[in-house]
Protein chains: 2
Amino acid sequence: MSIKGLFPIDKWDFKSESIFADLRPDDFELLTAHKSEHVYKKNDILFREGTYPSGIFFINKGKVKKYKVDKDGKEQIIYLANTAQLIGYHAVLSGDRYPDSAAVMEESVITFIPKEDFLKTLDQSPALNNRLLKTLSHEFAVLANSLTMFAQKTVRERLALQLIVIREKHKVDSIEGAPVEINISREDLASLVGTARENVIRILTEFKEKGILETKGRKIIVKDINTLIKIANHK
Amino acid sequence: MSIKGLFPIDKWDFKSESIFADLRPDDFELLTAHKSEHVYKKNDILFREGTYPSGIFFINKGKVKKYKVDKDGKEQIIYLANTAQLIGYHAVLSGDRYPDSAAVMEESVITFIPKEDFLKTLDQSPALNNRLLKTLSHEFAVLANSLTMFAQKTVRERLALQLIVIREKHKVDSIEGAPVEINISREDLASLVGTARENVIRILTEFKEKGILETKGRKIIVKDINTLIKIANHK
DNA sequence: CTTGAAAAGTGACTTTTTTCAATTCTAAAA
DNA sequence: TTTTAGAATTGAAAAAAGTCACTTTTCAAG
């Protein structure tokens, strides 16, 4: 296997950030009783919008996009999830179908936990309940923020903002000290920003000319984060 | 008092839709121990983005908008809440500040419940926990949908969609059989759709010319909901 | 009734974004 | 190394949305 620096389920971070932070050992035992681990290739689909969930997914190592597809097949990315994040639990909790799809953006190792185990653990663990309520409320606030951004910011501002956010996320998986290389297709970037691919390219070119960033093949390296922040906040 | 058709807290709907549906009588007792009821005038503010929450609000009768304000003072409405809905609980759950503000859109009767009572009830009621997790997950899906709409639909399509949604919400408070009168300022409508007031007015004029709707003073009456649906889905 | 302030509406113009039709580049397979 | 399909890029033109300055309407207080 070509993947280095795994985040194995047996060593999940029990510190504050994790959604399973307050889980007692026996609850954790119950939760992971029937876990299974898989290596997914780029573009593999974890789940599809409109289907019923069978469980939740934990990203041991990799990148996953959550997205919706409209009638014309145009894709809108809602969220980028990275190493050590949990996805697909909203639908399990709501008891409804998946509201969006999830696909792997690069080779990734992902642990699957059947929904029965997740729900059973939830039943016996008030700590997990509290943590989930907190997480969901927080996620809601973040999404409300995104909504405002989409409604009020120009494409240029949104792109600047997304570059900042993605760069921050990429930091988790990149080598300390080295410049952070943003590795994302122009198509996905456009889908995240909510515009056409051509538009993204034009603005990236402008940023390049201004020395804000450099490209190395398809990769983007931010050179001047401060100007990027200014652009994102302008207006 | 000029308000008719109240939805008093003592008669909260215990049926499936309510967030307090599964609450046992003694939990309900604890929850409402220190409730207080107020009549708010149009434009009164319930809470402001960035402040810490002191409790939750139940709309006995009326209309409330949740919104965010950007650096230029431009307002973005996130959600319209109506009679029998609960608002302001996200911040209480996340333990953080309010992510948005809430203001009353017309004279409204609202019950306030201190956060201590809400959290205490939450502690002793697994039913309320489950219900909230379900509600939050669902709300998340709805918001994700809004986000996609903002990212992919034109202003015209978004306006058509919002008119349909607002009309549906107004049904709750209007007389059975009578045509539903949508009562919202062009400014608020623009803020909801995420565009300039002038744009909204132009599109409304177009819809009027095509016989899709009529206006009665400031009120909007939808005449041809099917065409509106077609416009909202076009593309 | 008046009437004045706030809200709604109009028109001309600018800027932003989309669309379409090429062309060039890149990375992985042969 | 060569090949080649998919991705990235560019240019030009059209469409959508935003802005500004101004007029008209509405509604409620006097």
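Excluded from the calculations below are hydrogen atoms, water molecules and symmetry mates; all remaining heavy atoms, backbone and side chain alike, are included. Proteins come first, then strands; the chains are lettered A, B, ... in the order of their sequence lines, and each starts at number 1. Keep in mind that this is a model prediction, so the values were computed, not measured.
Counting to the nearest Å, the P atom of D/dA16 and the CG atom of B/N199 are 11 Å from each other. Rounded to a whole Å, the CD1 atom of A/I231 is 16 Å from the C1' atom of C/dT16. If you take NZ of A/K41 and C1' of C/dA28, they are 16 Å apart, rounded to a whole angstrom. The separation between A/R156 atom CZ and C/dT18 atom P is 15 Å, rounded to whole Å. In this structure, B/N183 places its CG atom 15 Å from P of D/dT26, rounding to the nearest Å. Summarising the geometry, the separation between NZ on A/K42 and C1' on C/dA27 is reported as 11 Å, rounded to the nearest angstrom. In this structure, CZ of A/F150 is placed 15 Å from P of D/dA17, rounded to the nearest angstrom. Between A/K153 atom NZ and D/dG18 atom P there is a gap of 15 Å when expressed in whole angstrom units.
When B/F118, B/Y40, B/F47, B/F57 are each tested for a ring pair (Phe, Tyr, Trp, His ring centres under 6.0 Å) with B/F112, only one passes: B/F57. With B/E187 as the partner, the salt bridge (charged side-chain N to carboxylate O under 4.0 Å, His left out) test is satisfied by one option alone out of B/R218, B/R197, B/K74: B/R197.
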For a quick check, with a 4.0 angstrom heavy-atom cut-off, what is the B/S/- contact string for nucleotides 1-11 of chain D, read 5' to 3'? -----BSSBBB

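Applying the side-chain hydrogen bond (donor to acceptor under 3.5 Å, both in side chains) criterion to B/N145, with sequence neighbours excluded, gives A/K68. For B/T215, the side-chain hydrogen bond (donor to acceptor under 3.5 Å, both in side chains) partners are B/K208, not counting sequence neighbours. When the ring pair (Phe, Tyr, Trp, His ring centres under 6.0 Å) test is applied to B/F207, no partner is found at least two apart in sequence or on another chain. Here B/N199 pairs with B/T195 under the side-chain hydrogen bond (donor to acceptor under 3.5 Å, both in side chains) rule; sequence neighbours left out.
Annotation: cation-pi pair B/K169/B/Y79 present, NZ/CZ under 6.0 Å from the ring centroid and within 45° of its normal.
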With pairs defined as Watson-Crick or G-U wobble and both distances under 3.5 angstrom, please note down DNA chain D as a dot-bracket string, | for pairing with another strand. ||||||||||||||||||||||||||||||

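In plain terms, the two heavy atoms of A/I78 and B/A144 that are nearest each other are CD1-O, 3.8 Å.
Using a 4.0 Å cut-off between charged side-chain N and carboxylate O, A/R202 and A/E206 make no salt bridge.
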